[in-house]
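Indexing begins at 1, ligand by ligand and atom by atom, following the structure's order.
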Amino acid sequence: MHNEYLPFPSKILDIIEHTDKEHTFRMEYQGDVKPGQFFEVSIPKLGEAPISVSGIEEGIIDLTIRKVGRVTDEIFNLLHGDKLFLRGPYGNGFDLDNYRNKELLVVAGGTGLSPVRGVIDHFARNPEDCKGLSLVAGFKSPADILFFADQARWRETIDIILTVDALDCDPGDMVCEIGLVTEHLPKLKIQDYSTAVAIVVGPPMMMHFTCLQLLDLGFKEENIWISQERKMCCGLGKCGHCKINESYVCLDGPVYNYTQGRYMID
Ligand SMILES: Cc1cc2nc3c(=O)[nH]c(=O)nc-3n(C[C@H](O)[C@H](O)[C@H](O)COP(=O)(O)OP(=O)(O)OC[C@H]3O[C@@H](n4cnc5c(N)ncnc54)[C@H](O)[C@@H]3O)c2cc1C
Ligand code: FES
């Protein structure tokens, strides 16, 4: 009988160190997966952690992990060639058809850039697939900036505003503004707010105020998507840990249209 809790081993092909506490683990993976979906990543006898897919290539998925506790601390002790255990992918992920042939704005805060990286990458590589893409990415300080190399590449085809809460260290060659993401939204060159679509991912407070401001600017509620992070256990809609109102975030989410997601932001 198939045991859906049984993980499979996956080899670490590379480790990209963004900051002391945030590394991307490039993992061997064969199978279908969408940006915004997640895997339960485990270390035997220690535990599991849900981690979003931050990049997808032939035979490879990227998992960008922040070292915050029991499981993630142990993952940071692993090396190139070691194995992690995965089960998934779980969740709905981002449906690229919602954004095709439209003006797309992505607003990401901190590690929120990770689940949406695959969407940005798709439209940055295929700019003819949408009517324009703008990214506003906010981090605490220059030392916290993630995916800097990607951002340099994305800049060739998309508009990027990179902003930090405070310039508490030398930003080097990074072109970055100061202030919260919401302070920069009015600078965007959106042609038609009533038809533009937006994805907002980050801490709950950031998503709350960003979505309110997008509505003020003229975005329609049904044209905004958010991604929710919730404490999870099974990832399979069985344990109820992730349930908000009537929705199981591990099954129905973590990506929600704002018409539904607005009632779920903390
Ligand atoms: C759908 C989803 C996608 C996620 N994607 C990523 C990702 O791409 N990269 C990443 O680094 N993290 C991601 N997380 C958060 C990640 O799952 C937790 O940080 C991880 O489970 C912590 O495990 P741990 O054993 O290392 O820490 P623990 O020892 O369990 O806890 C350390 C601290 O983190 C808090 N914490 C634990 N789990 C969560 C959680 N799910 N959400 C918020 N706080 C938590 C605890 O309350 C505690 O304060 C995601 C969570 C969800 C639900
Ligand atoms: S994590 Fe168990 S029901 Fe969603």
Closest to atom 20 (C) of ligand 1 among Gly112, Ser114, Ala49, Gly69 (heavy-atom distance):
Ala49
Here atom 2 (Fe) of ligand 2 sees protein N, O or S atoms within less than 2.8 Å, and their number is 2
Salt-bridged, Asp62 to Arg117, with N to O below 4.0 Å?
yes
Please say whether Gln228 places an N or O atom under 3.5 Å from an N or O atom belonging to ligand 1.
no
Option among Ile51, Val201, Val53, Thr64 that satisfies the side chain to side chain contact (heavy atoms under 4.5 Å, CB included) test with Pro115
Val201
Looking only at the side chains, is there a donor atom on one of Asn245 and Ser247 sitting less than 3.5 Å from an acceptor on the other?
no
Please indicate whether any nitrogen or oxygen in Pro50 is less than 3.5 Å from any nitrogen or oxygen in ligand 1.
yes
Out of Thr64, Val68, Ile65, whose heavy atom is nearest to atom 9 (N) of ligand 1?
Thr64
State whether Asp95 and Lys34 are salt-bridged, where the test is any N-O pair (Lys NZ or Arg NE/NH1/NH2 against Asp/Glu carboxylate O) under 4.0 Å.
no
Assigning hydrophobic clusters by single linkage (Ile, Leu, Val, Met, Phe, Trp, Tyr; side-chain heavy-atom cutoff under 4.5 Å), is Phe38 placed with Ile60?
no
Phe38: numbered ligand 1 atoms lying under 4.0 Å from its heavy atoms
1 (C)
Lys/Arg-Asp/Glu bridge criterion (N-O < 4.0 Å) met for Glu48, Arg87:
yes
Hey, are Glu177 and Lys187 close enough for a salt bridge, meaning a charged N less than 4.0 Å from a carboxylate O?
yes
Below a 4.0 angstrom heavy-atom separation, can you tell me which part of Lys67, side chain or backbone, both or neither, approaches ligand 1?
neither
Hydrogens and angles aside, do Asp129 and His122 bring a side-chain donor and acceptor to less than 3.5 Å of each other?
yes
Is Arg70 close to ligand 1, meaning an N/O of one under 3.5 Å from an N/O of the other?
yes
Hey, is Arg66 close enough to Glu22 for a salt bridge, meaning N to O under 4.0 Å?
yes
